[in-house]
Amino acid sequence: MLDIVTAGGWLMIPILLSSVIALAICIERLIALKPSKVAPAGLVQTLFQQIKSGQMNAEKLRALKSSSHLGHILAAGLMNAKAGRDIMKESIQDAGSQVVHELERFLNTLGTIAVIAPLMGLLGTVIGMISVFTEIVTQGTGNAGALAGGISQALITTAAGLTVAIPALVMHRYLQGRVDAIVVRMEQDANRLIDALHGNAASLSEVEANK
């Protein structure tokens with residue numbers, strides 16, 4: 001393995017570094033984006049029951065805000081619930097924007113790696129082929145070892161770049177899809193709470209039915 005890395009030339013260093021960063025991001029985001037951690041099931045129902053029974057207070061509101069990303073959004077809405085539906089909805093949207101930014105953390109970096117890794121491999125291919133043609137010009141085609149070295153460098157860097165880029169792209173699409181699904185669910189839960197607190201009978205019945 002070390003021989004292959006060495007044969008690939010200096011461009012193998014940034015390619016390998018990119019692979020380490022991509023792997024770290026994938027592991028971190030897979031842990032951070034667990035739906036049960038970001039948007040716990042049944043939170044809206046529990047919260048509505050606390051409000052209905054008069055158990056909601058400042059301490060529980062602070063606990064809700066720090067409990068999860070969904071809790072942070074719902075707490076922002078509850079803090080402005082008495083100001084009216086529109087103000088409550090606006091505060092939820094503001095908190096939601098912050099939460100989405102947090103959920104998408106490092107995904108741009110992962111997407112960038114998926115794009116630049118094959119380009120670095122292509123650059124290695126070009127450098128390797130330049131080396132081959134330089135040898136041909138200076139020594140002719142008789143030095144097979146020198147020609148093979150340049151071709152080997154070109155193929156190794158291309159393969160390494162694609163090896164990093166393909167899984168990085170797949171994981172970027174998968175993680176982005178997970179974020180989108182979580183955001184849709186949080187929007188639905190937030191809207192149900194807004195409607196329940198401000199007199200939408202259909203949403204109130206839905207909350208009651210899911211107790």
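Between the Arg185 side chain and the Ala39 main chain, a donor and an acceptor come within less than 3.5 Å of each other. Under a 3.5 Å cut-off, the side chain of Arg105 and the backbone N or O of Arg29 do not form any donor-acceptor pair. Remark: the backbone N or O of Ala83 is not paired with any side-chain donor or acceptor of Asn80 at under 3.5 angstrom.
For the atom pair CE of Met171 and CG of Leu110, the computed distance is 7.5 Å after rounding to the nearest 0.5 Å. With values rounded to the nearest 0.5 angstrom, Met120 atom CE is found 10.0 Å from Met12 atom CE. To the nearest 0.5 Å, atoms CG (Leu119) and CD1 (Ile116) are separated by 8.0 Å.
Side-chain contact between Glu28 and Ile25 is absent, with no heavy atoms from C-beta onward closer than 4.5 Å. Within the 4.5 Å cutoff, no side-chain heavy atoms of Leu175 are placed close to those of Phe106.
Using a 4.0 Å cut-off between charged side-chain N and carboxylate O, Asp195 and Arg192 make no salt bridge.
In Lys89, the NZ atom is not crowded: 12 or fewer heavy atoms of neighbouring residues, nucleotides or ligands sit closer than 6.0 Å. Other residues, nucleotides and ligands contribute more than 12 heavy atoms inside 6.0 Å of the CG atom of Asn57.
For Glu104, there are no salt bridge (charged side-chain N to carboxylate O under 4.0 Å, His left out) partners at least two apart in sequence or on another chain.
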